[in-house]
Amino acid sequence: MTTNPVYGSNFPDPAVLEVDGTYWAYATKNRVEAMPVLRSSDLVRWAEVGDGMPQLAAWVEPGLNWAPEVAAVDGRYVAYYTAHDRATDVQAVGVAVSDTPYGPFRDDAERPLLCQDHEGGSIDASPFTDHDGSRWLLWKNDGNHVGVDTFIYVQRLSDDGLRLEGEPERILKQDQEWEGTLVEGPYVWPHAGSYYLFYSGNAFDSDRYGVGYAVAEKATGPYVKPRDTPIMVSNDVAAGPGHGMVVERDGRTWYVHHAWPPGAVNVPGPGRQMWLTELVFEPSPDGGPDVPRFLGPRTELDLA
């Protein structure tokens, strides 16, 4: 029996990529590394690899690199990450490339991939490849940073994953009480003919932070929130769980996410640790799309 958290040090906004049986995890900047990278063969025992992005792009003001997610594209690895844009003084999304899943990732662009400076900035980029091979990018405008609404956006990516094509579309916003002033951390997962958009709501540095979902018939929406409460919330073992992504192993589905130790939200200590929570889908009583349910967070994991 293994136990949560699966990584006990600070590792906020974790994202995982599986390559040939090895799992690579990426997180928001720590005290030293702009893109901390871990390696595992089983999702539960993690070894530190180092900094996946030791050299920052020319447009980046150091110190605020957040929430990288990595996709395998045509034999290379493409990282979508958030950093502070010198020119606009807000957070923006960049794209960096590496020949290996552990880096070094390089962004040689003079400007970020996207920056909605008129909407507070852009953060939490998440790539998605649909069944037909089309590539898409989801992200959040950082509206709560400047007191305006937050939206989850989606936009087509070029086949090489390095450029945005067409126009962005708003597919979700904060409109439920539990979400507070924001929605963020989007991740799309296809299941049984539907698309499930998992997202986090409320303030990350509080125990009100949690995970909700919306469902659609297409990756681009329209998305519907079937309930007005989150499906993952704080409990007696994990506080403020959220900002994660879905990964499969041996026929089971897991949500990799962060959470604070109970009673230690935003205080000195281990910070936001990496957790693994099982995700199951159950038949809807009304015959609609299956209903996702998290089995936790809980400390014990029956994952061999």
Side-chain angles (χ1 to χ4, degrees), residues 12-13 15 28-29 57 59-61 63-69 71 79-96 107 109 111-128 135-158 161-188 195 197-206 208-214 216 218-225 230 242-245 258:
D13 312 320
T28 282
K29 182 187 184 304
W59 59 269
V60 172
E61 180 70 29
L64 291 171
N65 281 48
W66 297 347
E69 288 195 24
Y80 303 91
Y81 68 99
T82 300
H84 201 75
D85 179 30
R86 295 178 187 269
T88 60
D89 198 31
V90 297
Q91 295 291 87
V93 171
V95 58
D107 180 357
R111 298 294 302 130
L113 178 67
L114 68 98
C115 181
Q116 297 162 299
D117 56 297
H118 59 292
E119 294 186 54
S122 306
I123 70 172
D124 294 355
S126 179
F128 172 73
R135 299 186 183 279
W136 303 86
L137 190 70
L138 295 93
W139 73 90
K140 164 211 172 180
N141 74 291
D142 201 16
N144 55 288
H145 171 65
V146 293
V148 301
D149 285 334
T150 61
F151 295 91
I152 303 300
Y153 284 85
V154 65
Q155 189 170 350
R156 182 75 179 260
L157 282 166
S158 58
L162 301 181
R163 300 179 309 281
L164 290 165
E165 299 181 342
E167 297 297 324
E169 295 183 45
R170 291 173 171 176
I171 57 174
L172 208 75
K173 69 166 291 187
Q174 90 285 349
D175 56 13
Q176 297 184 349
E177 184 177 357
W178 76 268
E179 297 163 344
T181 62
L182 64 94
V183 290
E184 63 184 20
Y187 190 80
V188 167
Y195 294 83
L197 172 55
F198 295 96
Y199 67 94
S200 297
N202 219 299
F204 80 92
D205 55 355
S206 81
R208 298 183 300 278
Y209 201 60
V211 179
Y213 83 99
K218 299 188 301 181
T220 54
Y223 281 89
V224 174
K225 300 176 184 178
H243 200 136
M245 63 173 295
H258 70 230

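One-based numbering along the sequence shown.
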So, the side chain of [X] versus the backbone of [Y]: is there a donor-acceptor pair under 3.5 Å, distance only?
X: Asp124; Y: Gly185; result: yes
X: Asn202; Y: Trp178; result: yes
X: Thr88; Y: Asp117; result: no
X: Tyr80; Y: Ala67; result: no
X: Asn141; Y: Glu119; result: yes
X: Ser126; Y: Leu138; result: no

Salt bridge (Lys or Arg N to Asp or Glu O under 4.0 Å) against Asp175, all qualifying residues, sequence neighbours excluded: Lys225
Among His243, Gln174, Lys140, Glu179, which residue meets the side-chain hydrogen bond (donor to acceptor under 3.5 Å, both in side chains) test with Tyr199? Glu179
For Glu61, run the side-chain hydrogen bond (donor to acceptor under 3.5 Å, both in side chains) check against Arg86, His84, Gln91 and tell me which one passes. Arg86
Side-chain ion pair, Asp149 and Lys173, N-O less than 4.0 Å: yes
Mind checking what makes ring pair (Phe, Tyr, Trp, His ring centres under 6.0 Å) contact with Tyr213, not counting sequence neighbours? none
Just wondering, do Trp59 and Asp107 contact through their side chains at under 4.5 Å, heavy atoms? yes
ring-ring contact (aromatic ring centres under 6.0 Å, His included) between Trp136 and Phe128: does it pass, once the steps are laid out? CA-CA 5 Å; Trp136 303 86; Phe128 172 73; 8.5 Å; no
